[in-house]
Amino acid sequence: MERKLRKILVDALSGLGIPADNIEIEVPKDALHGDFSTPVAMILSKQLKKSPKIIAEDIRSKISGSDSFESIEIAGPGFINFRFSKKFIVLQMKELISGGDSFIAENIGRGKRVQIEFVSANPTGPMHLGHGRGAAVGAALSNMLNAAGYSVEKEFYVNDAGRQVKLLGESVFARYKELLGVSYPLPEDGYRGDYVGDVAKELKNEYGEQFKSIDFDKASEAVIDFAYNRMLDAIKKDLADFGVHFDTWQSEKELYSLNKVQQALEDLRGKGFVFDNEGAVWFKSTEFGDDKDRVVVKNNGDYTYFAPDIAYHRDKILRGFDELIDIWGADHHGYVPRMQAVIQALGHPKDSLKVILVQMVSLLKAGQPVQMSKRAGEFITLREVIDDIGPDTTKFLFLTRRSDSHLEVDIEVAKAQSSENPVYYVQYAHARINSIFAKAKEEAGLSAEAFSEFDGELLNDEELVLVKKLLLYPMVFKNAVLAREPHRITYYLQELAGMFHPYYHRHKVVTDDAELTKARLALCVAVKIVLKHGLEMLGVAAPQKM
RNA sequence: GCGCCUGUAGCUCAGUUGGAUAGAGCAACUGCCUUCUAAGCAGUGGGCCAGGGGUUCGAAUCCCUUCAGGCGCGCCA
């Protein structure tokens, strides 16, 4: 619907000899102002040195005559307000029904290759809620970009090198020794959760008493590998149960073994962005707007964590992606400038890396905050929440807010299968439509999937309002994709469900009037198409029955 | 001290990238199941958009500033 209007406006403006790019089209808050509105006349006013009303009048005279509109009004300081004709709306509705997903999703990606990296939880323990939120956002974004014609690859970066996995290995090793009756100190910043002991038991099952009398240094490689792989398996299982799937898993260790870290630094040195100073090797990130230059090789010869990150992002670019999306915890926001500096140093525009920051999730239980102590290894895991309230509810709740705003989840509310829980509200609308279809088949012998002909004139005003809401979805979807914001879809779905439920209560779909029944069934088909598409984007099930 | 994010109804949050009279859910109160599912519906109240200044036809939205909260500022990961 918005696409049509846009085209009409562009044509009208070029007919007037006005170059038109990026015409603003918006949905007025007040229905009295029509279905769509554009402030374009006011914006052009200064440039054309004409009053907005005159410009608006010129535009209107170019367009009038089209039977797509019931009215075109000029109002306020120079808004042009459009109200579509019933004929046009019904025509669009038929296109939605016959076209389905292809009607909804414009191909704005045009095959552009996007890599989206998310979760990337350290394989040193179970995932927490923040990881879950990142997973939900990443998966939803991937679905959206895919549907919008991008070629998307989802990747999990495995931090299997460095201090953290070593600490995990040593923590497990200490517990393992304990199991064998040998006293061994837990490392200073070691991991203390119960799962460490579980992995130690598995280590014992696998290796027996093989490491009983040797030091960690001698056994470290095998133990570390064993330990983080166990954790990675657990993470993979949690993600699978959460319904989030990755295309590729990139190992940090591999970047070292394939010499890519060194290559990356040499490459940047060749470009003049890596230099030596005070015994260390530095990346000149200030060249690209960072606060200070960053050390990549310490004066003791060790790489900083930043070095493999550089190599990783360089590798992604070399793999030929047009755009990179990283989803990080918001506490890492300080790293955005230096990472974007890397991208630029490698000769790519700053915005070819988009970093989406995901804020913390705080957990409440019946209104009371649940305390989480990471030090004691006590925190609510994603696994517990999924087991408690199910993957669909969890995902939906994670996608109800802008990702960079704090999120509170009350576990008691989420568990309640009631109106407090927005997931069910949306899913219920979908299931409800399915019930109607069953009824239609049983009583009227009408198969909702089978018919495409119906008399749109039979739709009443209330139904047209609902149809218009449906026809807005392609625009909502497009804007959500462009802004990379899944929550816009979540909101839209709640609004749509909030219109369908009341409609359901006021009007019976399946009646003795065969023609009216068909028209209303068509409306239900259309609502269902949109609900299903939206829920699919969010990675949430669209149940036939509840 | 510097930087980033946040501040909108009692609570949790949207607000179409600067548009017209500010929105939803929850909570509170009142009603509705002989019906295609009550996981639903109908109705009622609720606001100095943190404060101040500016930019312009027009600001919750952009700029400056103050206040409050969160996070980040290592040759830690």
Side-chain angles (χ1 to χ4, degrees), chain A residues 2 24-30 32-33 37-39 42-43 45-46 51-52 75-79 81 122 124 159 162-167 189 277-282 291-292 294-306 329-337 357 359-360 364 367 400-402 404-410 413 416-429 431-440 442-443 472 475-476 479-480 482-483 487-488 490-492 494-495 497-498 501-511 517 520-521 524 545-546:
Chain A
E2 178 243 2
E24 263 186 76
I25 294 177
E26 52 200 42
V27 181
K29 282 176 226 162
D30 192 334
L32 287 172
H33 296 131
S37 172
T38 180
M42 289 179 286
I43 293 166
S45 165
K46 194 173 267 178
S51 92
F79 290 102
N81 297 336
N122 273 341
T124 54
N159 291 101
R163 188 178 130 84
Q164 295 307 319
V165 284
K166 187 179 170 203
L167 265 179
D189 301 315
N277 190 28
E278 296 176 355
V281 182
W282 299 69
D291 293 341
K292 49 184 98 169
R294 308 289 171 177
V295 172
V296 288
V297 184
K298 305 182 216 173
N299 60 16
N300 68 6
D302 288 350
Y303 290 112
T304 63
Y305 70 93
F306 186 40
D331 52 340
H332 291 88
H333 71 257
Y335 304 103
V336 176
L357 299 172
Q359 268 292 358
M360 289 282 114
L364 305 177
T400 50
R401 307 280 180 247
R402 259 192 12 246
D404 64 348
S405 75
H406 287 269
L407 177 68
E408 288 191 356
V409 173
D410 192 313
V413 172
Q417 300 201 345
S418 72
S419 52
E420 285 179 54
N421 195 330
V423 195
Y424 297 114
Y425 190 74
V426 174
Q427 288 184 318
Y428 188 44
R432 201 165 226 180
I433 289 170
N434 216 61
S435 292
I436 296 171
F437 290 169
K439 177 88 173 177
E442 186 189 310
E443 291 201 354
L472 283 180
M475 180 180 72
V476 171
N479 287 337
L482 290 175
H487 78 276
R488 296 187 186 210
T490 318
Y491 260 81
Y492 172 86
Q494 293 184 74
E495 286 168 1
H501 286 305
Y503 169 74
Y504 167 92
H505 272 267
R506 275 197 289 271
H507 302 283
K508 232 167 140 46
V509 173
V510 182
T511 62
T517 300
R520 290 185 170 170
L521 273 176
C524 290
K545 216 176 211 165
M546 286 174 75

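Computation of the quantities below employed the complete heavy-atom set of this structure, encompassing side-chain atoms and omitting hydrogens, waters and symmetry-equivalent molecules. Below, chains carry the letters A, B, ... as their sequence lines are ordered, and counting in each starts from 1.
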Provide the Watson-Crick or G-U wobble partner of [N], both distances under 3.5 Å; none if there is no partner.
| N | answer |
| --- | --- |
| B:rC36 | none |
| B:rC29 | B:rG43 |
| B:rC13 | B:rG23 |
| B:rG3 | B:rC71 |

Quick check: on RNA chain B, is the nucleotide nearest A:Asn122 upstream (toward 5') of the one nearest A:Pro77, or the reverse? Name the residue that is more 5'.
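Per heavy-atom nearest nucleotide, the more 5' residue is A:Pro77.
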Of A:Met475 and A:Arg163, whose nearest nucleotide on RNA chain B comes first from the 5' end?
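Whichever sits nearer the 5' end wins; that is A:Met475.
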Taking any heavy-atom pair under 4.0 Å as a contact, classify [X]: base, sugar-phosphate, or nothing.
| X | answer |
| --- | --- |
| A:His501 | sugar-phosphate |
| A:Pro39 | base |
| A:Ala431 | base |
| A:Ile43 | base |
| A:Ser405 | sugar-phosphate |

Kindly label the base of B:rU30 as syn or anti, based on whether its glycosidic torsion lies within 90° of 0.
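In terms of base orientation relative to the sugar, B:rU30 is anti.
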Mind telling me if B:rC73 is syn or anti? Syn here is a glycosidic angle within 90° of 0.
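For B:rC73, whose glycosidic angle is more than 90° from 0, the conformation is anti.
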Phosphate OP1/OP2 of [N] contacted by [X] side-chain N/O (<4.0 Å):
| X | N | answer |
| --- | --- | --- |
| A:Tyr504 | B:rA38 | yes |
| A:Tyr335 | B:rG74 | no |
| A:Lys298 | B:rC75 | no |

Is there a donor N/O on one and an acceptor N/O on the other, under 3.5 Å, for the side chain of [X] and the base of [N]?
| X | N | value |
| --- | --- | --- |
| A:Asn299 | B:rC75 | yes |
| A:Thr400 | B:rA14 | no |
| A:Asn81 | B:rA20 | yes |
| A:His406 | B:rG70 | no |

Using centres under 5.5 Å plus planes under 30 degrees as the test, is A:His487 stacked with B:rA14?
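Ring-base stacking flag not set for A:His487 and B:rA14.
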For A:Tyr491 and B:rU16, what is the distance between atoms OH and P respectively, to the nearest whole Å?
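That distance rounds to 13 Å.
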What nucleotide, of B:rG19, B:rA39, B:rU6, holds the atom closest to the side chain of A:Asp404?
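Closest of the options to the side chain of A:Asp404: B:rU6.
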